[in-house]
Amino acid sequence: MTPTLDQVRRAPKVLLHDHLDGGLRPQTVLELAGEVGHQLPAVEGELTATSLGQWFADAADSGSLERYLETFDHTVGVMQTASAITRVARECVEDLAADGVVYAEIRYAPEQHVEAGLSLDEVVAAVQEGFEQGVAAAAEAGRTIRVGQLLTAMRHAARSMEIAELAVAWRDRGVAGFDIAGAEAGYPPTRHLDAFEYLQRENFHFTIHAGEAFGLPSIWQAIQWCGADRLGHGVRIIDDITVHDDGSVELGRLAAYVRDKRIPLEMCPWSNVQTGAAASIAEHPIGLLKDLRFRVTVNTDNRLMSGTSMTHELWSLVEAFGYGLRDLEWFTVNAMKSSFLPFDERFALISDVIKPAYAALREEPAE
Ligand SMILES: O=c1[nH]cnc2c1ncn2[C@H]1C[C@H](O)[C@@H](CO)O1
Ligand SMILES: [Zn+2]
């Protein structure tokens, strides 16, 4: 059954890969830049929330991860005080809840928010405060959402051990896991091996951006050297899959391992189109990977830069691949199973929230 856009909007959604500094409202960027005197980029015509939002989308639509990442100067630049960070975190949760997201893990790099003198600990506290305000505001608006923080270390920098320790220190106060992000080529995840080994000794969870702008060696290192629980993007796993002329499919050893071990792929279709990792949504490897029953999840990555939302990502897949409600439920249950929440809580969200809601949507009369 093909869903309507309104049904996709109302369906419960789970988001594992969303950057806090990639999801600001354009209006908030404008206001915060005015408050702190941050110089925003020159846009065509008058500088308004609309023209600024368009600037982000155009600049990010670059075909290169490096140029895509340059746009973050203008979001990170206005997120240097506790009040600004708290506001962005609160609005993030409100926006996700309004989009029908019921569970989200939201990431950012604390080390990028200390330019005006905040300590790493104060940054995490400011985000947590904003998340709690956002959950409360969503509840007042009749929406139930649960959120956790993922602390990211920048792969070109050298603070991963410190950030890993910060994540573990906050594990019972809102931080669900750890990640590394930033330019991939030239910065292999093994540079941060000490941090990953520390996290494993602590029985903590982490995901690694890998297989986005760089291919199989990056994925292989993330899994086999670093021990990643999930792959951020992981889209280049497709390079280890051969589709023969007769339609038969052959998996290389790494692709087979990823599928056999049910390693979750945090796929972000529109982000990949912008950075050139996929030519279009219709040609995105997610279609084949889903058919082959990899543990695929659907995510937004950067809602501001991609002008996207969970509804928009899923709806684009419905349009490109003809997915129905059962397919969307499969992505959602995959994501919930792959979250860094304790098992019993994941299980409860699947059986008490996700499954009943999708069953009810399927019961709705066709338009
Ligand atoms: O898709 C991405 N790949 C690698 N790095 C990314 C991506 N999206 C955002 N980032 C970076 C830029 C942000 O400032 C940082 C922390 O959220 O993570
Ligand atoms: Zn990302």
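We count ligands from 1, going down the list as the structure has it; atoms in each ligand are counted the same way.
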Can you tell me which residue among Arg107, Glu266, His205 is in a side-chain contact (heavy atoms from CB on, under 4.5 Å) with Asp179?
Arg107

If you scan protein heavy atoms around atom 9 (C) of ligand 1, the nearest is His19 CE1, 3.2 Å

Verify the neighbour count for atom CZ of Arg362: are there more than 12 heavy atoms of other residues, nucleotides or ligands below 6.0 Å?
yes

I want to confirm something. Looking only at heavy atoms, which of Leu20, Thr275, Ile106, Asp21 is nearest to atom 14 (O) of ligand 1?
Asp21

Does NZ or CZ of Lys337 lie under 6.0 Å from the centre of the six-membered ring of Phe343, at an angle within 45° of the ring axis?
no

At the Zn ion (ligand 2), what is the angle formed between atom NE2 of His209 and atom NE2 of His19, rounded to the nearest 10°?
100°

Which of the numbered atoms in ligand 1 are below 4.0 angstrom from a heavy atom of Tyr108?
17 (O)

Return the option from Asn299, Leu69, Thr71 holding the heavy atom at the smallest distance from atom 6 (C) of ligand 1.
Leu69

Between Arg67 (side chain only) and Ala59 (backbone N and O only), is there a donor and an acceptor less than 3.5 Å apart?
no

Report, in ascending order of atom number, the atoms of ligand 1 lying under 4.0 Å from any heavy atom of Ala109.
16 (C)

Quick check against the 3.5 Å criterion: does Tyr257 have a side-chain atom that pairs as donor or acceptor with the backbone of Trp220?
no

Whether His17 has an N, O or S atom under 2.8 Å from the Zn ion (ligand 2):
yes

Test item: Arg346 side-chain N/O and Leu341 main-chain N/O as donor-acceptor pair under 3.5 Å:
yes

Is it true that a side-chain atom of Asp327 and a backbone atom of Gly324 form a donor plus acceptor pair closer than 3.5 Å?
yes

His233-ligand 1 polar pair, N/O distance under 3.5 Å:
yes

For Phe340, is the NZ or CZ atom of Arg230 found under 6.0 angstrom from the centre of its six-membered ring and inside 45 degrees of the ring axis?
yes

Checking one value in my table: which N/O/S atom of Asp301 lies closest to the Zn ion (ligand 2)?
OD1

Can you tell which of Gly182, Ser306, Pro110 gets a heavy atom nearest to atom 5 (N) of ligand 1?
Gly182

Ligand-residue contact atoms, ligand 1 with Leu65, heavy atoms, under 4.0 Å
3 (N)

Part of Thr75 with heavy atoms under 4.0 Å of ligand 1, whether side chain, backbone, both or neither
neither

Closest to atom 8 (N) of ligand 1 among protein heavy atoms sits Asn302 ND2, 3.0 Å

Can you check whether Glu122's main-chain N or O pairs, donor with acceptor, with Ser119's side chain at less than 3.5 Å?
yes

Part of Gln112 with heavy atoms under 4.0 Å of ligand 1, whether side chain, backbone, both or neither
side chain

Mark yes or no for whether Asp99, through its side chain, and Thr311, through its backbone, hold a donor-acceptor pair below 3.5 Å.
yes

Nearest-contact summary for atom 3 (N) of ligand 1 - protein heavy atom, Å
Glu212 OE1, 2.7 Å

